[in-house]
Structure formats: structure tokens, C-alpha cells
Protein chains: 2
Amino acid sequence: MSDKPPAPSAGLRRDMEILEVLAGHGDDRDTDGFGVSWIAQRLGREKSQVSRALRALELEGMVERDAVTRRYRLGWRLFALAARSQQARLVQVAAPYLRRLATAFDEDAYLCVLRGNRVLTLLSVPSSRAYHRVWEGITVPVIMAAAGRSLLSEWDGERVRELLRATLPSGLDSAVGSEDDWLAELAHARTAGYAVSDVELDDGAAGVSAPVRDHRGIITAAISVSVTRAAPPERLHEMGAVVAETARELSTALGLPPSGHPVAACPEPPGAD
Amino acid sequence: MSDKPPAPSAGLRRDMEILEVLAGHGDDRDTDGFGVSWIAQRLGREKSQVSRALRALELEGMVERDAVTRRYRLGWRLFALAARSQQARLVQVAAPYLRRLATAFDEDAYLCVLRGNRVLTLLSVPSSRAYHRVWEGITVPVIMAAAGRSLLSEWDGERVRELLRATLPSGLDSAVGSEDDWLAELAHARTAGYAVSDVELDDGAAGVSAPVRDHRGIITAAISVSVTRAAPPERLHEMGAVVAETARELSTALGLPPSGHPVAACPEPPGAD
DNA sequence: AAAATCAGGTGCAGCTAGCGCAACAATAGC
DNA sequence: GCTATTGTTGCGCTAGCTGCACCTGATTTT
């Protein structure tokens, strides 16, 4: 009598509820999954319905069932779908944010990821100013890229040293000394939420960068903004704060829970106009 | 024509097909997403149907639509769910180990699991070298993957034969002969703790791999490192030893008791058919 | 030991929700 | 401006889902 009006795609809704239950409380104590009856009761639905739906979902690989305990958990297909498109999605979702930065500072903005011991630029948005060097698809050593510090900022110290040593051919003993400096800078970037690098290499660009996290909270990319005009340190830190905030927004849009809590509200990306 | 009987869960099937299309091929030309008509045509379905399904999926957050281009791509919800899957945990734990391998050898490193008779790559850590396509979320036949040998190394011989026959279309009679070779290689991999595969298929990558065990000692995954440059056999075996050791460390991190193998071959066979 | 309890699956009738066609709306193209 | 293309909606018809009751099989109770 009350409401049954808005019930389109009831099947999908049911499936999503089931998946959400299987996703669990986020805790990892539920590693053995959940049984049909339990899910049905929790959803207030018929067992038969849940049973059939789960079978269908299993057929599609969205859930998988433990052969012995007969319990269900999320399946490989979900993971495969996400894995295949996460990079494409990253680029797409990031674009508007980079544009915002590029126009705000009138500086080139970049989206970078770590590839081996080099930094790969996935997307670059040019400023209005003169020549814009195309970096997309280009890799540079971590130490040379502005985004490098952000990408490594949460790495284990030992790993960073290994990577640095692997990067530097060995001829540079100045580097040996600067390893500690680097680690210190990483620590600073970690606390500040952004990294500032002034000109280090002849060609190496100065810039500010901040880490982008995926839905799991792992740093998977970094955005950076070049700094082509002389600017006082405090100006750089102002920029850093903005870049860091933008990176946070982007992370949220990618599915990162706003404050380290299960998924919730809407990750509304600023629709380009 | 006459058979429409086996059509349960038609809605789910449709949704999955759509998601599969949206996931693309991992190539990066799909970065713009896809339009309704294009998807409909590709699936051989009615536009209206696809349109409505996409709207429903969007409502659930499984897909999202670019505000300006009106094209769809996978949504945050799917990523959030994927992050909660069992595989995600594996990936998270394994990532540092793979990174270490990738930087140590400057070769691509992979984490793979067995999915039916194919090998699914869960995580690929690219080296710094030339562009490499995304393998994450992609499946390849067991015989083509470097990790295949490690994943099958403790299987019953008969079952391996079955799987090989099911995999090979049948046209390849050379395969019939090589079945025994394969079994022999599996035996070798079992004793050595790692598997070395040189180039077998035109595209098939050479590589070394080693098995990863869960807390029960059962092989649940494999890590492998590609070998893109010519290397003498002894070099490959050096690498194999390193990969095997890394796999052991990873297994321990996953909860395997450090002491040798508690070994499978227990009350529970990996699937009594 | 038999019987009770619980989890999961199946058969079936009734009815809802999704399908397909085609008209319509909204853009893009010329 | 008009036409071509893409995306949305109205609606009758039926495929497929819901929900009840019953069945199987494992685990526990007394």
C-alpha cells in the first residue's frame, strides 16, 4: 500500500546488496566468507532468492564459494575488471583536476606513476604559456622528477635506498651522501602531504607534487605542477598546499574513503563545464 | 533457435557483458569511455536496454558517466568492492616483494593465480624499460604463462594432462608429445622450487617463476619475472633462486609456517571431481 | 541409536519487471 | 536552416523472478 513505485532494476539492487554484504565490515576477520542463510537474514530476503542469485553471481565470477565451507566471498572477476581499467580511469578522472591546477597557477600540471625505478608521466596539461614540452609516455629517473618524492613517500626506507642505488649507476658518490637527505625529504613530504623540489638537475624541473591514493589507500600516482618562474619558498609551500588538497580530492573521486572509513557518500568529480 | 531454456539470470548476464566492455582491453585507447550505442552494437543488444541498464548501474555506482562526453566508464563502487576481495589482500601483501624483484632485475614482475585453465595476472610491476601493456586482470592459457608451471607444479599428473588437453584446441598434436615434457618440467620445478621457461610461443614471454603458498602450504599463486634479454642458462637459474626465495618470504608473510612445507597431500584434495 | 535442527537447494503458480519496437528528444554535422 | 546520429521514453507482451512449501543432507540433541 505504501511504496512499491521506484523498483526498477530490482535484480541489480539485490545483487549489489549481496555484494555489499560480502564486502563485509571491512575487517579481515571474515576471511571465510558468509553462508546463504546468514546473508538472507541480514538482507531480509528469501533464502531461495539469495541462493539463486549467488549461484548466478558465482557463474559470472563475481563471487566465489569455498569448496569445503560452502561460504561465499567476493570473486576474482571484480578484481579483474577493476585492475584492467584502473589506469584508464585514473587518467580520466584526474584530467579535470589537473586542468584546474594548470589554470590556477598557469603552470604545467602532470599526472605521474612509478614504473620500475623511473617516473612515467601519464598525462600532462599545458599552461597557457609558451612551449609545452610533451612528457606523456616519457619516463625519467625518480630523483629527477618532481613527482618522485611523492610517489616514494611511504616506501620503506630500505627499499628506497635499494631503488636509489639501482638508479644511480654508481659513479655518483655524491649520491651516496644524499641518500640520507633524500630519506629526510621523503619524511618531510609524508608529514606535509606534499613535496617541493627545486631545481636539482640541469634540466630537471622544479615543482611541487602530492600523492594520489587509490581506493585502497595506496599511493598509486602523483600529481605535480612545474615551477618555471622564480618563486620564494613560501610561495612554493602555498602551491604545495593547494596541490595536496587537489590530490586528496582526486583520491576521493577514485574511491578512497574520505577519512579512512568504509565507502560512503558521493565522490562527485567537478564536472567540467 | 529452439533453445531459450537456459536463460536464468539474464539481467546479470547483460550487466556483466556491459561491465566487461567498459573494462576494455587494458589498452589505453579506451580511456574516453564508451557510448550507449557503441556498447549496444558491440553486444548485439537493444539500445534502450543498454541505456536503462547503464542508468541502473550508475545508480549503484558500478559505472559512472562523464558529464560532458556522456560516455560511461566503470565506477567507484566496483573499485571499492574489488579492494575488498580476497585477491586484493594478496596483492597488497605481495606488492613490495614484486617491486623488489622488479628493481633488482629491472624486469617486469608478476603475481598470478590459476583461474580455471587459465592464468590470471593479479599484479604486474613494470620495469623501467620500454612500454609494456597492462596485464593486470588479463588471463592467458596456462601453457603460455611463465607462472603456469609453478602453479601446476604440485598437481596430480592426470589432472594436469586433462587440463592441458582441455586447453589445447586439439589441432596441436605436437602438444600431445610435449605433455610428457611438461610433466617432467613440473617435476623439476617441484624439486628446484622454481620454474624456468624459455620462449615457447611467439608472443609467450620467457620467464622464471616460483610458487606462493597459503597458510596451509597449498600453492595458491605464483610470482614470475619476465626475461626480455638474452641470458645464459646459469643466469636464469640464478634468477630462479632469487625468485624462489622471494616467493618463500611472501608465503611466510601470508601465514605459512616458516618451517619447510607442512605440505599438502592432506585430507583435503584440491578438488575431488 | 533415532529424531530434531539447521543450511542449502528445487518445483511451481502467479504476477511483476524487463524486453523490444518505435516514436521522441537532444546533439552533432553540413 | 535541415539532416544524421545518439540517447531516452511509452507501452503491450511475455520471460523470468518472487515466495511459499517441500526436499535433501549434514550436524547436533537426548
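All chains are named by letter (A, B, ...) in the order of the sequence lines, taking the proteins before the strands, and each is independently numbered beginning at 1.
Summarising the geometry, atom CG belonging to B/Leu111 is positioned 10.0 Å from atom CD belonging to B/Gln87; distances are rounded to the nearest 0.5 Å. For the atom pair CD1 of B/Ile138 and OG1 of B/Thr121, the computed distance is 8.0 Å after rounding to the nearest 0.5 Å. A distance of 8.5 Å separates OG of B/Ser209 from CD1 of B/Ile223, quoted to the nearest 0.5 Å. For the atom pair CD1 of B/Ile18 and CG of B/Leu43, the computed distance is 6.5 Å after rounding to the nearest 0.5 Å. In this structure, B/Leu256 CG and B/Thr220 OG1 are separated by 9.5 Å, a value rounded to the nearest 0.5 Å.
When the C1' atom of C/dG18 is taken as reference, atom CG of B/Leu54 falls 15 Å away, rounded to whole Å. Rounded to whole Å, atom C1' of C/dA17 lies 13 Å from atom CD of A/Gln49. As a whole-Å value, the separation of B/Glu46 CD from C/dC19 C1' is 8 Å. Separating the CD atom of B/Gln41 from the C1' atom of D/dT5 is a distance of 12 Å, rounded to the nearest angstrom. The interatomic distance linking B/Ile18 (CD1) with C/dG18 (C1') rounds to 13 Å, in whole Å.
One N or O on the side chain of A/Arg77 and one on the backbone of A/Glu60 form a donor-acceptor pair closer than 3.5 Å.
Residues that satisfy the ring pair (Phe, Tyr, Trp, His ring centres under 6.0 Å) test with B/Tyr72, not counting sequence neighbours, are absent from this structure.
Atom CD of A/Gln41 has 12 or fewer neighbouring heavy atoms from other residues, nucleotides or ligands inside a 6.0 Å radius.
The side chain of B/Arg14 places no N or O atom within less than 4.0 Å of a non-bridging phosphate oxygen (OP1 or OP2) of C/dG18.
Each end of the helix from C/dA1-D/dT30 to C/dC24-D/dG7 gets its own axis, taken as the rotation carrying the C1' atoms of four end pairs onto the next four within a five-pair window, and the two axes meet at 40° to the nearest 10 degrees.
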Query raised in the report: Once each nucleotide of nucleotides 4-13 of chain C is scored for protein heavy atoms under 4.0 Å, what B/S/- sequence comes out, 5' to 3'?
Result: ---SBSBBB-

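Using a 4.0 Å heavy-atom distance criterion, B/Arg45 is classed as making no nucleic acid contact.
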